[in-house]
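Just so we're on the same page: letters track the sequence lines, and every chain starts at 1. In this text the structure is predicted, and so the values were computed from the model without any measurement.
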Amino acid sequence: MDDIFEKEMQKDTVFVDRNVLTSHYIPDTLPHREKEIDRVMKTLSQILKGKPPRNLFIYGKTGTGKTSTTKHVIDKLLQVKDKYKVGVDSIYINCRMLNTKYQVLLKCAEFCNSRKNFIGFPFSVLLDAVIDYIKAGRINFLIVLDEIDKVKNLDDLIYSLVRANEALESGHIGVIGITNNVTFKKELDPRSRSTLLEEEMVFPPYNAEQLQAILKQRVKLGFKDGSVDDSAINLASALAAQESGDARYALNLILKAGELADEDRAKKVGESYVTKARKVVEEEIVYEMIINLPEHEKIALYAIAQLTSEGSHYHRLDGTADERVLFSGEVYEKYEAVCRDLDKVARSARWCREYINELDMLGLITISLSGKGVRGNTTLIRLAFPANKVKEVIEKRLES
DNA sequence: CCTCCACAGGAAGCGCAGGAGT
DNA sequence: ACTCCTGCGCTTCCTGTGGAGG
């Protein structure tokens, strides 16, 4: 039944399984992470020898394989645990979503006691639930905390887990912390630092050749045979290598390139699609950024876009270019007007200036001080992206 | 030269939500 | 579960800067 649809869908696509190209997918082998896998493996294999797991802290930029490597090794560990007759359980928590000690422990407690709903229970009850579970099964419980720097009162959480560990006669808790935040270590309490950083690893960024290997592997799995040119892979790797060696970015490029090729009903993904994909990906990042802007910054940006696209009264700087440069005064007037239209109370002019600075920091506009020439002392404001597109993106979000 | 305008950006203070302390 | 405290977003006020115009 599905089959005919399946066939139809397969006709006009270069993909076999686009899922392979997303960051959720973890391949059987991770190219160029052999050393890292080895070290994580060594650390965790203590468990198989009947020793308590050492806590592990992993640092590395985005897209350097921290999460994949960790998950990969833990999968392998879970596969062999029965052979060695040891109890191992593991829970993966992304702390961007669950960013308090309570939420983290709640997740652990629910994992340990799958049918019970612990919401609303005091912290200590959750801790006991986890401890009981570990005790009963003599389990080595590995807690993977991804983006661990996002947890609000992490010191408390670590402290509680240490105490729990001490209270256990059988079984242990091991924490694997993952982050891409360099400064994070310094913010930790010295005690929890020495606990968490028992074992420390840094994942280096991938270089262009390594990215090529990664892409080749995934392309083989995710695309139809021969539908992706080597030159496309090379370009995507090179671009991602420039972009701080981010494998996720490289995969995203090749995925988008494939989608663009599908749109054209092209049979082959060549370099040109990667170039286009790069544009699309960059734009998406920008529009994502705009969507996530605080409301009044969005309104300010909208006002700027509006003024820019009106273009009726723009200012020529030294008569050369006809770039539309705005003064902060008129931006504030427009901002107030937009606020009125939306039935919102406008913030003060002082704060609007802060917004404008913020938008500049984000690269959505460029500002420069007039210095001498134009009016006394003012900020000259220029939109960094096409006004119509910016307006369109904000309009979609603002009305709702 | 002096004053006014248009604005930049620092300082102080205010109300509020949410975390800490008990 | 209670208050207490603190940080944050914001306003208000203020001082400083440089061109325009009398």
I'd like a list of close polar pairs between nucleotides 2-9 of chain C and the protein, N/O only, cut-off under 3.5 Å.
none

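- Under the 4.5 angstrom side-chain criterion for Ile, Leu, Val, Met, Phe, Trp and Tyr, the cluster partners of A/Leu44 are A/Leu30, A/Ile37, A/Val40, A/Met41, A/Ile47, A/Leu48, A/Leu56, A/Ile58, A/Val73, A/Ile74, A/Leu77, A/Leu78, A/Val80, A/Tyr84, A/Val86, A/Val88, A/Tyr92, A/Leu142, A/Val144, A/Ile176, A/Ile178, A/Met201, A/Phe203.
- Residues that satisfy the side chain to side chain contact (heavy atoms under 4.5 Å, CB included) test with A/Ser227, not counting sequence neighbours, are A/Val14, A/Phe223, A/Lys224.
- Rounded to an integer number of Å, the gap from A/Glu358 CD to B/dA8 P is 16 Å.
- Of the listed nucleotides (B/dA8, C/dC13, B/dC7), C/dC13 has the atom at the smallest distance from the side chain of A/Arg350.
- Dashed line: the shortest gap from a side-chain N or O of A/Ser328 to OP1 or OP2 of B/dA8 is under 4.0 Å.
- Evaluation of the salt bridge (Lys or Arg N to Asp or Glu O under 4.0 Å) test over residues 89-98 of chain A, restricted to residues two or more places apart or in two chains, returns A/Arg96-A/Glu147.
- A search for side chain to side chain contact (heavy atoms under 4.5 Å, CB included) contacts involving A/Tyr249 returns A/Ala240, A/Glu243, A/Asp246, A/Leu253, A/Arg278, A/Val281, A/Glu282, not counting sequence neighbours.
- Judged as a side chain to side chain contact (heavy atoms under 4.5 Å, CB included), and not counting sequence neighbours, A/Lys35 has no contacts.
- Partners of A/Asp156 under the salt bridge (charged side-chain N to carboxylate O under 4.0 Å, His left out) rule, at least two apart in sequence or in another chain, are A/Lys101.
- Between A/Tyr335 and A/Tyr302, the ring center distance fails the sub-6.0 Å criterion.
- Residues forming a side chain to side chain contact (heavy atoms under 4.5 Å, CB included) with A/Lys61 (at least two apart in sequence, or on another chain): A/Thr64, A/Ser244.
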Show me the protein contacts with nucleotides 17-22 of chain B, counting only N or O atoms at under 3.5 Å.
{"residue": "B/dA20", "atom": "OP2", "partner": "A/Asn153", "partner atom": "ND2", "Å": "3.1"}

